[in-house]
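Because the structure is predicted, anything quoted here is derived from the model rather than measured. First listed ligand is number 1; within each ligand, the first listed atom is number 1. All values below come from the heavy atoms of this structure, side chains included, with hydrogens, waters and symmetry mates left out.
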Amino acid sequence: MARWLMGASPATTQELWTAVDRYICDRLLPADAVLDAALAASDAAGLAPIATSPNQGKLLELLARVHGAQRILELGTLGAYSTIWLARALPPGGQLVTLEADPHNAEVARANIAAAGLAEVVQLRLGPALQTLPELAAEGTPFDLIFIDADKQNDASYLEWSLKLSRPGSLIIADNVVGGGAIIDPDAQNPWGEDGGVGGVRRFYDLLGAEPRLQATAIQTVGDKGHDGFAIALVTD
Ligand code: SAH
Ligand code: DHB
Ligand code: MG
């Protein structure tokens, strides 16, 4: 164990990852009352503590800024923590649509979005994403950036819909593509809870690798949320 790390001697690898995340966040991310309040309200309402970590949220914001995204789509709102990070990257007039199936999560998220001053920028659509995505496709306007972070068993379908909702140059990002190594464990089942079917994530990789319109990679991450990863794909044509 890395005992040299600021005098700390974490007992487990997870404690080490958590301590390093704290080190990073303490130095790079200023205290943020809005985001803290969103997390506290989510906790108080009993939402699962599975939002992106602060440094991951900042990564999403930076990617959206670098990309110049003006229209963002998010699948899986929870309490709108990642939503707030992404929405902050938008230029004036930008829009974020976020999809959430659970009415209780959606209610908490709407309050957090309003408290963040983003009610005009963020539109939350309640319902299973596979019902809402065809409606968005029918509406016709593509998205510049799509963040897939809902029930993992449908990740391959979400990627297919994301292609329909994209234009050349759109960026597609997916959370939870490693699951502590579950993707390569033949005995693994639901590393991300009851919605977590790892088979869906494997089909997502198969499609990502086979789809000629996508240039993609995935990166493993460790930190406060354990060992997981992000996939990132650019729609090329
Ligand atoms: N993006 C959030 C975390 C999302 S957790 C953040 O980082 O802050 C996953 C969310 O997906 C949960 O709120 C869950 O209710 C929602 N979800 C699960 N199945 C869904 C479905 N079929 N359609 C839309 N949302 C779904
Ligand atoms: C879990 C983590 C996530 O980031 C998510 O989107 C869903 C579930 C989990 O650790 O269970
Ligand atoms: Mg996630």
Side-chain angles (χ1 to χ4, degrees), residues 14 17-18 21 32 34-43 45-61 63-64 72-88 96-110 112-113 116 118 122-136 145-158 161-162 173-183 188-198 200-201 204 218 220-232:
Q14 179 57 63
W17 295 342
T18 298
D21 255 7
D32 192 309
V34 166
L35 287 165
D36 290 349
L39 277 187
S42 302
D43 259 10
L47 271 52
I50 55 174
T52 53
S53 58
N55 42 341
Q56 290 175 340
K58 186 71 193 184
L59 175 67
L60 293 174
E61 184 199 329
L63 287 170
I72 298 177
L73 173 64
E74 176 180 67
L75 284 64
T77 317
L78 191 67
Y81 184 76
S82 55
T83 316
I84 294 170
W85 278 110
L86 282 166
R88 284 176 171 179
L96 187 152
V97 178
T98 185
L99 313 184
E100 174 56 51
D102 182 301
H104 178 59
N105 295 358
E107 190 186 326
V108 174
R110 282 201 171 107
N112 286 339
I113 290 161
L118 291 166
V122 176
Q123 185 186 104
L124 189 156
R125 299 213 190 175
L126 176 62
L130 286 176
Q131 264 173 43
T132 313
L133 289 163
E135 295 167 16
L136 289 172
L145 188 154
I146 301 176
F147 179 45
I148 302 176
D149 194 20
D151 51 328
K152 317 309 166 193
Q153 71 224 356
N154 284 314
D155 271 0
S157 307
Y158 294 153
W161 278 107
S162 296
I173 303 169
D175 191 21
N176 309 114
V177 298
V178 173
I183 43 160
Q189 291 188 353
N190 295 333
W192 303 277
E194 63 194 35
D195 289 337
V198 69
V201 182
F204 168 88
Q220 303 183 65
T221 56
V222 294
D224 194 35
K225 292 190 69 184
H227 171 211
D228 214 319
F230 284 103
I232 180 162

Measure from [atom] to every heavy atom in [options] and give the option owning the shortest one.
| atom | options | result |
| --- | --- | --- |
| atom 6 (C) of ligand 1 | S82, S157, G76 | S82 |
| atom 12 (C) of ligand 1 | E74, K225, E100 | E100 |
| atom 4 (C) of ligand 1 | N176, N154, D149 | D149 |

> Mind checking whether D102 has an N or O less than 3.5 Å away from an N or O of ligand 1?
Replying inline: no
> Under 3.5 Å between some N or O of ligand 1 and some N or O of A51?
Replying inline: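 N/O-N/O distance under 3.5 Å: no.
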>> Is the contact between T77 and ligand 1 made by the side chain, the backbone, both, or neither, using heavy atoms and a 4.0 Å cut-off?
In response: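 It is the backbone that gets close, since no side chain atom is under 4.0 Å.
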> So which bit of N105 gets within less than 4.0 Å of ligand 1, heavy atoms only: side chain, backbone, both or neither?
Replying inline: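 Just the side chain.
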> Going through the checks in order, is the side chain to side chain donor-acceptor pair (under 3.5 Å) test met by Q123 and T98?
Replying inline: CA-CA 6 Å; Q123 185 186 104; T98 185; over 6 Å; no
> Are R88 and D32 ion-paired here, with the side-chain N under 4.0 Å from a carboxylate O?
Replying inline: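 Yes, charged N to carboxylate O under 4.0 Å.
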> Do K58 and E61 meet the salt-bridge criterion of a basic N to acidic O distance under 4.0 Å?
Replying inline: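 Salt bridge flag = yes for K58 with E61.
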For [X], atoms of ligand 1 separated by under 4.0 Å from a heavy atom:
| X | answer |
| --- | --- |
| A129 | 21 (C), 22 (N), 23 (N), 24 (C) |
| A150 | 11 (O), 25 (N), 26 (C) |
| I50 | 5 (S) |

Which heavy atom of [X] sits nearest a heavy atom of [Y], and at what distance?
| X | Y | value |
| --- | --- | --- |
| L78 | A48 | CD2-O, 3.7 Å |
| S157 | L130 | CB-CD2, 3.9 Å |
| A37 | N112 | O-OD1, 4.3 Å |
| A64 | L145 | CA-CD1, 3.7 Å |
| Y158 | A150 | CE1-CB, 3.9 Å |

> Around ligand 2, what residues show up once you keep those with a heavy atom under 4.0 Å from it?
Replying inline: I50, D149, K152, D175, N176, W192, K225
> Checking side chain to side chain contact (heavy atoms under 4.5 Å, CB included) against V122, which of L86, T77, I72, T83 comes through?
Replying inline: T83
>> Tell me whether Y158 reaches ligand 1 (any heavy atom closer than 4.0 angstrom to a ligand atom).
In response: yes
> Counting only protein atoms, how many N/O/S atoms are less than 2.8 Å away from the Mg ion (ligand 3)?
Replying inline: 3
